[in-house]
Amino acid sequence: MSTASTAQATSTSPPDTEAAPIRVGVSACLLGEQVRFDSGHKRDRFVADVLADYFELIPVCPEVAIGLGTPRPPIRLVGDPDSPRAVGTRDAGKDVTTDLADYGRTMARRLEGISGYILKSKSPSCGMERVKVYTDTGHPAGSGTGIYAAEIMRANPMLPVEEEGRLNDPVLRENFIGRLYAYHRWQCLMAEGITPEALVDFHTRHKLILMSHSPERLRELGRLVARAGSEPVEPLAEAYGEAFMATLRHRATRRRHTNVLQHLMGYLKGHLDGDDKAELLELIEDYRIGRVPLIVPVTLIKHHFRRHPEPYIDRQLYLHWQPAGLSLWNHI
Ligand code: SF4
């Protein structure tokens with residue numbers, strides 16, 4: 001899928017069908033654009049070569065956008081780590097905090113249709129977390145968030161946001177990409193016009209995904225959605241959407257995936273003979289103890305459901321949400 005250039009990163013509308021491209025904001029230097037202070041880039045192969053095939057990536061360089069140019073003197077964060085300023089490393093009188101924050105708020109409005117954001121780590125503008133903050137005299141003062149990134153995240157706490165380095169971790173990668181797809185589906189649901197029936201159906205399709213992240217929060221979301229039909233649906237959907245995306249931020253652990261696999265097996269019990277049951281149980285156990293990746297028992301379960309279809313499982317996104325080419329479950 002193509003990427004837009006930084007200069008064209010103007011605006012996006014929310015997607016209205018699940019077939020619409022999934023748009024993701026990206027720090028432009030990660031795509032190889034030579035926008036860094038030293039006129040270089042920080043091209044990330046996974047983002048630029050792999051994710052670009054699945055998502056419409058929208059590159060943005062906030063420092064170039066506010067007119068700092070390339071090459072330019074570097075900036076850094078100084079002051080209170082919870083509310084730092086971005087100033088010139090050599091010329092502390094050059095304070096670009098307000099410009100970066102204003103631009104972040106502007107882009108948060110223009111990019112309201114994106115389903116996620118991939119940020120360059122450690123940057124005083126783009127860093128999501130743990131960016132070095134200094135005292136006025138240049139000593140370490142702690143860590144904080146880049147000025148532009150903070151505004152993007154503040155404007156939409158539901159937006160999936162991740163840094164390029166963390167995407168090398170298979171669990172964080174699967175979590176982030178899962179949230180991208182889930183948020184895209186949520187945006188489409190809201191764009192179509194929410195109804196009590198649509199909200200219940202959305203929840204039903206995501207039950208096993210939610211179970212893999214947090215069975216407790218799945219129950220809370222179930223109680224929330226049970227009020228659909230007896231309460232105004234818009235505020236209920238707003239509360240549901242926030243809780244839904246917060247639940248997906250919980251890591252889906254091996255123990256919770258095992259729980260989902262056993263739950264799925266329960267729907268097959270009446271169809272499998274003794275040998276098939278033993279084989280599936282053994283693979284689930286191999287996964288639980290880390291001997292095989294998740295894709296192994298999932299592939300066998302999908303095979304059995306193809307032979308013995310179950311309407312409820314057919315509607316569950318857990319087995320079907322991810323494109324095979326990304327191989328996300330081959331590594332967790
Ligand atoms: S980290 Fe952000 S501000 Fe810095 S070069 Fe990359 S896109 Fe531009």
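This chain uses plain numbering: 1 for the first residue, then up along the sequence. This one's a predicted model, so the numbers in the text were calculated from it and none came from an experiment. Atoms within a ligand are numbered from 1 in the order they appear, just like the ligands themselves.
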Next item on the list: Answer yes or no: is there an ion pair linking K120 with E163, defined by an N-O contact shorter than 4.0 Å?
Entry: no
Margin query: Suppose we measure from atom 5 (S) of ligand 1 to each protein heavy atom; which comes out shortest, and what is that distance?
Written below: R36 CG, 3.5 Å
Notebook entry, point to check: Does a salt bridge link R315 with D201, judged by any charged N lying under 4.0 Å from a carboxylate O?
Noted result: yes
Margin query: Is it true that R249 and H213 share a donor-acceptor pair across their side chains at a distance under 3.5 Å?
Written below: no
Note to self: Under 4.0 Å, heavy-atom basis, I'd like to know which part of K120 is in contact with ligand 1: side chain, backbone, both or neither.
What the structure shows: side chain
Next item on the list: Please identify which atoms of ligand 1 are closer than 4.0 Å to at least one heavy atom of A28.
Entry: 7 (S)
Note to self: For D49, is there an ion pair with R43 - N to carboxylate O distance below 4.0 angstrom?
What the structure shows: yes
Checklist line | Per-atom contacts, ligand 1 versus S27 - under 4.0 Å to a heavy atom | finding: 7 (S)
Notebook entry, point to check: Using the ring of each side chain (for Trp, its six-membered ring), is F244 parallel, tilted or perpendicular to F202, with breaks at 30° and 60°?
Noted result: perpendicular
Notebook entry, point to check: Does a side-chain N-to-carboxylate-O contact under 4.0 Å join E151 and R154?
Noted result: yes
Next item on the list: Determine, using heavy atoms of V60 and all atoms of ligand 1, whether some pair is separated by less than 4.0 Å.
Entry: yes
Next item on the list: Determine whether the side chain, the backbone, both or neither of S123 has a heavy atom under 4.0 Å from any heavy atom of ligand 1.
Entry: side chain
Next item on the list: Considering heavy atoms of the protein only, find what lies nearest to atom 6 (Fe) of ligand 1 and give residue, atom and distance to 0.1 Å.
Entry: C29 SG, 2.3 Å
Next item on the list: Identify, for atom 2 (Fe) of ligand 1, the protein heavy atom at the shortest distance, and state residue, atom and that distance.
Entry: C126 SG, 2.3 Å
Notebook entry, point to check: Which protein non-hydrogen atom lies closest to atom 8 (Fe) of ligand 1, naming both residue and atom, and how far is it?
Noted result: C61 SG, 2.4 Å
Next item on the list: For the pair H271 and Y267, evaluate ring-ring contact (aromatic ring centres under 6.0 Å, His included) and give the outcome as yes or no after the intermediate values.
Entry: CA-CA 8 Å; H271 302 293; Y267 285 86; 10.0 Å; no
